[in-house]
Amino acid sequence: MRETVHVPLGDRAYDVLIGPGLLAEAGALVSPLLPRPRVAVVTETRVAALHLAALQDGLGQAGIDTVVLELPPGEATKSWAHLGQVTEWLLEQKVERRDVVVALGGGVIGDLVGFACAIMRRGVRFVQVPTSLLAQVDSSVGGKTGINTGQGKNLAGAFHQPSLVLADTDVLASLSERDFLAGYGEVMKYGLLGDAAFFGWLETNAPAMAAGDMGLRVAAVRRSVEMKAEIVTRDETEQGDRALLNLGHTFCHALEAATGYSDRLLHGEGVAIGCGLAFELSARLGLCSQEDPSRVRAHLKAMGMKTDVSDIPGDLPDASAMLDLMGQDKKVIAGTLNFVLARGIGDAFVTSDVPRDVVLSVLGDALA
Ligand code: GLY
C-alpha cells in the first residue's frame with residue numbers, strides 16, 4: 001500500500017512517499033541522502049510524545065543518530081523568535097551544508113523548519129515528515145516555507161523544496177476527528193479545483209476514509225499530492241496557476257481574521273466553507289450552475305463538517321467589514337482582489353474580474 005509521487009523540479013526534484021509504516025522505515029529511506037549517519041530533528045512537544053520514538057527507532061535501524069529540538073505546539077511557534085531559535089540550534093549542533101534536517105510535525109513545524117533550512121548556511125536540505133492530514137496533502141509539498149509576522153500570516157518566507165517527504169498514513173490515526181476533517185477540507189479542494197471525477201470519488205468514499213479505511217486514506221492523499229505536484233511543477237513560484245490552490249482561501253482568510261485565528265475556526269474548516277462560498281459566487285456570476293454550490297455544501301454536511309458561515313460559533317462582522325478583511329489578503333495585486341472561481345466542479349480559474357457588489361451580496365446572505 002505504498003505510493004510514490006515524484007515532484008519533477010529539475011535539480012530540486014524529490015519524491016513524496018505515502019503509506020502506512022513509513023516512520024519505521026525512515027532510516028532506509030533517508031540514508032541515501034546523508035553524507036554521514038546523523039540528522040537533526042525539529043518537532044513540537046505534542047507530536048514528539050506521539051511519534052518521535054517511532055521516527056528515532058526507524059532512523060536507528062539504519063544506524064542514524066538524532067539530535068532533537070522540541071518546540072511548543074501551536075501557530076504562535078511560526079514566529080521570528082522561534083525561527084531564530086531553530087537556526088541558532090541547528091548551527092550549535094554543527095549541522096553542515098550537506099547534512100539533512102528532519103521536520104516532524106504539522107504545517108507549523110514544516111513551514112518554520114523549512115524556512116530555517118532555507119536561510120541557514122544559505123540553504124540546507126530537509127525532509128518533511130508531515131503528521132497532520134493538512135500537512136500531508138498540502139503544506140509539506142511544494143516548498144512554501146515561512147513564518148507569521150505582526151502584519152499577518154506567512155508574510156516572511158522563502159520557496160525551499162524539501163529533499164523527500166514521508167507521509168506516513170498511520171500517524172493520521174492520532175488526529176482528533178476535528179483536525180482530520182479540517183485537513184479533509186484541503187483534500188476536497190483538489191477535486192473541486194481540477195478533478196471532478198476525484199470529487200465524485202470523495203462523495204462516495206470519503207465517509208469510509210474518515211472512519212479509518214487505510215486504502216482509501218492512501219488513495220486520497222496520493223491523488224491530492226499528485227495534483228499539487230502537477231500544479232507546483234507548472235508554476236513553482238506562484239506567478240499564475242499555483243494560485244488555483246487558493247480555492248476557498250480568500251473567503252477563508254477573512255473568516256480566520258474575523259475569528260482571530262482562534263479555535264473557533266480551523267484553517268481547513270475555513271477552506272471548506274470558503275469553497276462553498278467561491279462556488280456560490282461563481283453561480284451568481286453565471287459561471288456555473290446553482291447545483292454546484294449545493295453539491296459542495298451537501299458533501300460537507302454529509303461529512304459532518306462546518307458547511308455554512310452560521311456554523312462558526314460567536315459573532316462575525318458585517319458583510320462590508322468582511323470584504324475589508326478580504327482586502328488584507330496577500331493575494332491582493334495592485335489593490336485588486338484575486339479570486340479563484342469555477343466554471344463547474346473540477347474547473348477552477350483565477351480572476352480579478354469580480355464585481356464588489358456581487359461579493360458583498362454573497363457575504364451578506366451568508367451572514368444573514
Ligand atoms: N498552500 C498553497 C500552496 O502551496 O501554494
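Atoms within a ligand are numbered from 1 in the order they appear, just like the ligands themselves. Since this is a predicted model, take the numbers as computed values, not measurements. The figures here come from the full heavy-atom set of this structure, side chains too, leaving out hydrogens, waters and symmetry mates.
Assignment of His249 to the shell around ligand 1 is not supported, since no heavy atom sits closer than 4.0 Å.
Arg223 forms no cation-pi arrangement with Tyr190, by the criterion of a distance under 6.0 Å to the ring centre and an angle within 45° of the ring axis.
Separation of the Phe126 and His160 ring centroids falls under the 6.0 Å cut-off.
The aromatic rings of Phe251 and Phe339 sit tilted relative to each other, their planes meeting at an angle between 30° and 60°. In this structure, His249 and His253 have perpendicular ring planes: the angle between them is above 60°, well past the 30° mark.
Given atom 4 (O) of ligand 1, the protein heavy atom at minimum distance is Lys228 NZ, 2.6 Å. Nearest protein heavy-atom contact of atom 5 (O) of ligand 1 is Arg242 NE, 2.7 Å.
At least one N/O-N/O distance between Asp138 and ligand 1 falls below 3.5 Å.
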